Engineer: 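Please see the structure below; I have some questions.
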Amino acid sequence: MVNLSSDAIADLKAGTRGQVLLPADPGFDDARRLWNAMIDRRPALIVRCKGVADVRRAVAFARDNALQLAVRGGAHNIAGSAVCDDGLMIDLSPMTSVRVDPGARRAYVEPGATLGDFDHEAQAFGLATPLGINSTTGVAGLTLGGGFGWLSRKYGMTVDNLVGADVVTADGEMVHADADHHEDLFWAIRGGGGNFGVVTMFEFLLHPVGPQVYGGLVVLPLDQAKAALVKYRAAFDAMPDDLSVWAVLRLAPPLPFLPADVHGKPIVAFAICYQGAVADGPAAVDAVRKFGTPYGEHLGPMPYAMWQRAFDPLLTPGARNYWKSHNLAEIPDGLLDVLIDAISHLPSPQCEIFFGQIGGQTARVPVEATAYSSRDAQYVMNVHARWTDASDDAGCIAWARAFFDAAAPFALGSVYVNFLTQDETERIGAAYGPNYDRLVAVKTRYDLHNLFRCNQNIKPTVS
């Protein structure tokens, strides 16, 4: 156990505008609780920051008292890096400001903001930037790992749209990083995770999107999945960047447009978002409607912000989650065979495997331009085991690992760092490929003593 003097804690509280929570305090357990219920760690104290001064003070306190330091943004990270045992947790969730400059098409975003917070402000002006697919995800963690979503084929990864950031470094100083200032740090935070400091402000480039987009779901029975996915991969090259189509295989949730007798049956669903002119939407998605004979479909114009919330009911906090992920250049027949077999043996009704389609603009950026290096990935495949009862841990984890191993021969070998679980530290190098050595150099410059190590850790070079 960490031994902190009452005077040290009193000084920390006196100098903090936000809250300093100890294990006996009301709200402590809520503050340490994460999206993934498999993560159950107890820090020695939590500093709920309200601004940069609080962040700097918390970083200095952890450093000066040799405490392990964890940083919480949206708390969605699958590996649970937002919390540590017996250390200090910086909780950024009170810092949720999103300021939009519609004339300059810029957004200035604090690290506690969620995708829903961002979209609420940006969509008021018909603007957006590529983010994820779940409105309760934190902007900070998503961005620092690379970030992708429905807009990525048109506008690139989230980090391709990051134009500047304020960062509190291990020495407690705040620096501004962009293309002209602390260029190496700016390069590293665009995909290198939380290894280099605490970002207290993100500046994003915005694009005209919505407020209406055209999209929805086309749901087919599993026995049509192989033929439909063959058509899906064949259609890839002809798809415009305005069109993003993800494939999800799982048991059918109780969607209102599906017949009741379909609920709970194995399906392949194509989730579609077309960002071009709404009037062109039906023609743009027509090919997807012909992938098979659907159980049902729900397509039409909808607010972009509503589509960003569409999958929230399947991703609520409090469930147990375990992921395995591969980057793919294609979806070959051999992968389809093991995929369909895995869906035929789901260990829980909540488990799924999805193909997040990227390509497009994400692949046109040079590998060395940002720390995120997987520019050859056309799809990010995630094996999402999800369940409720701890007694099902072994079976659900084994299912995810077995499919992951069976799929490995068809994958690129790289991986999206935000999808790595806590037991996959040996894959960190695979997340960065040719950029890893440069990341080590930046880590060594900005965090020589590895204060920021509660993450998919890039270790500094210590002479």
Side-chain angles (χ1 to χ4, degrees), residues 49 51-60 62-63 69 71 73 81 90 92 95 97 99 101 104-113 129 138-147 156-206 365-373 417-418 428 431-463:
C49 300
V52 174
D54 287 357
V55 174
R56 292 184 64 197
R57 189 167 185 86
V59 168
R63 184 192 64 238
L69 178 64
V71 182
S81 59
I90 290 179
L92 301 170
M95 298 173 62
S97 170
R99 181 173 66 85
D101 181 342
R105 289 186 177 171
R106 292 289 191 272
Y108 302 87
V109 184
E110 285 190 319
T129 208
V139 171
L142 179 130
T143 300
L144 292 174
M157 302 293 290
T158 305
V159 291
D160 299 332
N161 297 272
L162 183 66
V163 295
D166 294 339
V167 186
V168 174
T169 58
D171 62 7
E173 295 304 310
M174 190 186 79
V175 301
H176 182 74
D178 59 23
D180 300 313
H181 306 88
H182 293 273
E183 300 94 324
D184 54 347
L185 179 60
F186 182 53
W187 175 87
I189 64 172
R190 286 178 291 163
N195 275 282
F196 309 97
V198 182
V199 178
T200 58
M201 182 68 73
F202 297 84
E203 180 183 355
F204 292 102
L205 176 66
L206 296 172
V365 176
V367 169
E368 67 277 7
T370 64
Y372 173 84
S373 63
V417 73
N418 281 348
I428 295 171
Y432 298 115
N435 290 339
Y436 184 73
D437 288 345
R438 183 177 174 189
L439 282 164
V440 171
V442 179
K443 176 72 171 181
T444 303
R445 177 178 176 186
Y446 286 93
D447 187 16
L448 178 62
H449 301 293
N450 206 11
L451 178 65
F452 300 107
R453 61 185 181 275
C454 193
N455 46 46
Q456 299 297 347
N457 194 227
I458 298 166
K459 293 180 172 59
T461 301
V462 180
S463 56

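As the structure is a prediction and not an experimental result, all values here were calculated from the model.
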Engineer: Going by salt bridge (charged side-chain N to carboxylate O under 4.0 Å, His left out), name the pairs with one or both residues in residues 440-460, residues two or more places apart or in two chains.
Structural biologist: D184-R445, K443-D447

Engineer: Who passes side-chain hydrogen bond (donor to acceptor under 3.5 Å, both in side chains) against T370, sequence neighbours left out?
Structural biologist: R375

Engineer: Could you state the interatomic distance from CD1 (I458) to OH (Y436), rounded to the nearest 0.5 Å?
Structural biologist: 6.5 Å

Engineer: Which heavy-atom pair separates A177 from H182 by the least distance, and what is that distance?
Structural biologist: CB-O, 3.9 Å

Engineer: Output all residues satisfying side chain to side chain contact (heavy atoms under 4.5 Å, CB included) with V163, sequence neighbours left out; order by chain, then residue number.
Structural biologist: R106, E203, L205

Engineer: Applying side-chain hydrogen bond (donor to acceptor under 3.5 Å, both in side chains), name anything that partners D166, two or more places apart in sequence or on another chain.
Structural biologist: H176

Engineer: Supply the atom-to-atom distance Y372 OH to T143 OG1, rounded to the nearest 0.5 angstrom.
Structural biologist: 13.5 Å

Engineer: Going through the checks in order, is the side chain to side chain contact (heavy atoms under 4.5 Å, CB included) test met by L92 and M95?
Structural biologist: CA-CA 6 Å; L92 301 170; M95 298 173 62; 4.0 Å; yes

Engineer: For the OG atom of S97 and the CE atom of M201, what is their distance to the nearest 0.5 Å?
Structural biologist: 5.5 Å

Engineer: Salt bridge (Lys or Arg N to Asp or Glu O under 4.0 Å) with R56: which residues, sequence neighbours excluded?
Structural biologist: E173

Engineer: To the closest 0.5 Å, what do you measure between OG1 (T158) and CZ (F202)?
Structural biologist: 10.5 Å

Engineer: Minimum heavy-atom separation for F452 to F196, with atom names?
Structural biologist: CD1-C, 4.1 Å

Engineer: Does any pair with a residue in residues 186-200 pass side chain to side chain donor-acceptor pair (under 3.5 Å), and if so which ones, sequence neighbours excluded?
Structural biologist: N195-N457

Engineer: My understanding is that only residues two or more places apart in sequence, or in another chain, count here; which of them pass side chain to side chain contact (heavy atoms under 4.5 Å, CB included) with R99?
Structural biologist: Y108

Engineer: Between L69 and A62, what is the shortest heavy-atom contact and its length?
Structural biologist: CD1-CB, 3.9 Å

Engineer: Is the closest side-chain heavy-atom distance between F186 and L162 below 4.5 Å?
Structural biologist: yes

Engineer: Checking the side chain of S373 only, and the main-chain atoms of Y432 only, is there a donor and an acceptor separated by less than 3.5 Å?
Structural biologist: yes

Engineer: Can you give me the closest heavy-atom contact between A140 and P111, atom names plus distance?
Structural biologist: CB-O, 3.5 Å

Engineer: Would you name the heavy atoms of V167 and G197 that are closest together and state the gap between them?
Structural biologist: CG1-CA, 4.0 Å

Engineer: D54: which residues meet the side-chain hydrogen bond (donor to acceptor under 3.5 Å, both in side chains) condition with it, sequence neighbours left out?
Structural biologist: none

Engineer: For E368, check salt bridge (Lys or Arg N to Asp or Glu O under 4.0 Å) against everything at least two apart and list the hits.
Structural biologist: none

Engineer: Can you name the side-chain hydrogen bond (donor to acceptor under 3.5 Å, both in side chains) partners of H181, sequence neighbours left out?
Structural biologist: D178

Engineer: Could you work out, with side chain to side chain contact (heavy atoms under 4.5 Å, CB included) as the rule, every residue matching T444, not counting sequence neighbours?
Structural biologist: V440, L448, P460, T461

Engineer: Indicate the atoms forming the closest heavy-atom contact of I189 with A165, along with that distance.
Structural biologist: CD1-CB, 3.6 Å

Engineer: Hey, are the side chains of M157 and D160 touching, using non-hydrogen atoms and a 4.5 Å cut-off?
Structural biologist: yes

Engineer: Applying side chain to side chain contact (heavy atoms under 4.5 Å, CB included), name anything that partners E183, two or more places apart in sequence or on another chain.
Structural biologist: none

